[in-house]
Amino acid sequence: MMRAALNVLVILALAGGAYFVSWPAVMADAGSPEVELNAENLGPRPIEELTEKSITRDYGHAWQTMAAALRENRSDLLDGYFTGIAKAILAEEIAEQKRSGVRVRYTDQGHKLEAIFYSPSGDAMQLRDRARLEVEIVDGDKVVHREDVTLNYLVLMTPGADRWLVRDLQTTAAEVRP
Amino acid sequence: MRLFLASVLIPLALMICAAAAELRAPAQVTAGKSFSLASTGNGKGMLYLTGPGQASKRSVMLGDEIQIRGDEVEHAGRYTAVICDSGNCAATHFFVRAAEPAKVSLLVHPSRVRVGQPNAISGVAFVFDKFRNLVLSPTQVDFKAIPKQGAAVAQTRPTQNGVTWIRLTSATKEGPAKIGASLGKVSELRVVQQVASEACNLRIKPDWNGGKFFAETEPVRDCSGNAVSDGTVVSFTKVDASGKTTVDVPIKRGVARVQMPLKGNAKILVASGVVTGNELSVEGRQ
C-alpha cells in the first residue's frame with residue numbers, strides 16, 4: 001500500500017517536472033515586454049477586441065521567446081510564436097551563433113505597435129513596431145558591442161490554432177508609411 | 001614652452017596610437033549583392049557581422065577594404081559590423097533592402113462561396129524577392145478573376161509595404177473561378193468554387209405511390225437558375241388531425257422527397273433556410 005502511494009507520488013512529481021521543463025517551448029512566462037498597440041488607422045477590416053488583446057499578448061511573448069532562443073541558442077523555443085520565414089531566419093541565426101560562438105543578446109525595453117493592414121478575411125495582419133532595445137554582441141564571454149537603440153520593424157502576423165504567430169519580422173531603415 | 005608642447009602633444013600622440021580601427025559601410029545594400037566595408041588601422045583585426053540569419057566572425061586585415069559576400073546579406077534588415085583590434089572595438093550599421101520582386105504569394109478567401117454575393121471574395125497578395133524578403137517599394141500587382149463562363153475581370157493594384165488586396169463579387173453562375181495575381185512573368189492562381197445560393201421559388205407536388213403519400217420538390221434552384229447543392233436541407237411540415245410534424249430531408253439529385261403518412265386531410269408546407277415554398281392541401285386515402 002505504502003509502495004503504491006510512493007509510486008503515485010513519484011509519477012506525479014515526474015509529470016510535474018516534465019511539464020515545467022517543456023513549458024517555455026510553447027508558452028511565455030510572466031515578464032513579457034511592454035507592448036502598446038494602436039489600431040486606429042487599421043484597414044480594410046476593423047480589429048476585433050479579442051484579436052487586439054491576442055496580438056498585444058502574443059507579440060510580447062514572441063519577443064520574449066526570441067530573446068531567450070538567441071541567448072540560449074535554442075531554436076526549439078521559436079516553435080511557440082514564430083512561423084514561416086521569420087522562424088526560418090531566426091533558426092538560421094541560431095545555427096550561425098552555434099557555429100561561430102558569437103551571440104546577440106536583447107534586453108527588451110518595450111514596443112509601440114501600430115496595426116496598418118488587416119486582411120478582409122482576418123487571416124493576416126501587418127504592423128509597424130518601434131522597439132526600444134539594448135543590444136549586445138557577445139563573443140564567448142566578451143561583449144564586443146553594446147548599444148541602446150530604437151528600431152523600426154515591419155511585422156506580419158497570422159493566426160494559429162490558439163494564438164497569433166509572427167510570420168515576418170524585418171527591420172526597416174525608416175518608417176514606411178503608405 | 002617645451003613643457004607645454006610635451007604635455008599636449010604626447011597625450012595626443014598616445015590617443016592617436018590607441019585609437020581603435022574604424023569601419024564604414026554603405027548606408028544601404030541590396031539583398032544578395034556583395035559589397036565592401038572600408039576599414040582604417042593596420043595589422044590584423046576581428047570582424048563580427050550580425051543581422052537577420054547572420055552571426056559570424058573572421059580575421060581581417062585592417063586598413064583594407066573588407067569584402068562582404070552576397071550570401072552573408074540575403075535577408076533584409078539591419079546589420080551590425082564590429083571590428084576589434086587589441087581589445088578596442090568599433091561598430092557600424094547598415095540596412096539591407098529586398099532585391100527585385102520575384103515572387104507573389106496570394107491568399108484567397110473563401111474557397112467556396114455562394115453566387116451573386118457582393119465583395120464576398122477577397123484576395124491578398126504579398127510581393128517577395130528571390131530571398132523571400134518582403135519588397136517594400138511600391139510594386140504593381142495584376143489581379144485577374146476568370147469565371148468558368150463569361151469574361152475575365154482584371155485589376156491592377158500597387159503594393160503598400162509589400163501588400164495589396166482586392167475584393168470581388170461572386171459570379172451569378174455556379175462553377176469554379178480562378179483568381180490570380182501576377183507580377184511580370186510570375187503568377188499565383190487559386191480556385192474558388194462558386195455554388196448556388198438559397199433556393200428560390202421552392203415548389204412541392206404530391207405523389208401517391210402504392211397507396212403511400214410522398215411530397216416531392218420540383219428541381220431546387222436558386223434565383224439565377226443554378227441547381228442548389230445536394231445535401232442542402234429542405235424541411236417538410238405536415239399539419240393534420242394528429243398534429244404538426246416536421247421532417248428535414250437533404251436534396252438528392254436536385255430534389256427532396258419524403259414519405260408522409262396521412263390521417264384525413266392535411267396541409268403540407270415546405271421551406272429551405274429562410275425560403276418558404278407553396279402549400280399543398282392533401283386529402284388522405286385509405
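Letters go in sequence order (proteins before strands), and every chain restarts at 1. Just so it is clear, the structure is predicted and the values come from calculations on it, not from any experiment.
Within the 4.5 angstrom heavy-atom criterion, only side-chain atoms of B:Arg167, from C-beta onward, approach chain A. The contact between B:Leu107 and chain A is made entirely by side chain atoms (from C-beta outward), counting heavy-atom distances below 4.5 Å. Proximity to chain A is limited to the side chain of B:Gln28, based on heavy atoms less than 4.5 angstrom apart. Of the two parts of B:Thr50, only the side chain, counted from C-beta on, holds a non-hydrogen atom closer than 4.5 Å to a non-hydrogen atom of chain A.
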Next on the checklist: Go through it in stages, so that I can follow the logic: the residues are B:His93 and A:Glu147, the test is side chain to side chain donor-acceptor pair (under 3.5 Å), and I'd like the CA-CA distance, side-chain angles, deciding distance and then a yes or no.
Outcome noted: CA-CA 11 Å; B:His93 309 284; A:Glu147 62 178 329; 3.3 Å; yes
Checklist entry - Can A:Asp168 and B:Phe126 be said to form a side chain to side chain contact (heavy atoms under 4.5 Å, CB included), step by step? => result CA-CA 11 Å; A:Asp168 195 17; B:Phe126 297 88; over 6 Å; no
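The pair B:Arg132-A:Glu92 does not meet the salt-bridge criterion, since no charged nitrogen lies less than 4.0 angstrom from a carboxylate oxygen.
Between A:Ser100 and B:Ala55, the closest heavy-atom pair is OG-O, 2.6 Å. Here the closest heavy-atom approach between residue B:Tyr48 and residue A:Asp139 is recorded as OH-OD2, 2.5 Å. Pairing each heavy atom of B:Val82 with each of A:Val144, the nearest pair is CG1-O, 3.7 Å.
Counting heavy atoms from C-beta on, the side chains of B:Val124 and A:Pro120 come closer than 4.5 Å.
The distance from the NE2 atom of B:His75 to the OG1 atom of A:Thr171 is 12.0 Å, given to the nearest 0.5 Å.
Identified under the ring-ring contact (aromatic ring centres under 6.0 Å, His included) test for residues 130-158 of chain B, with sequence neighbours left out: none.
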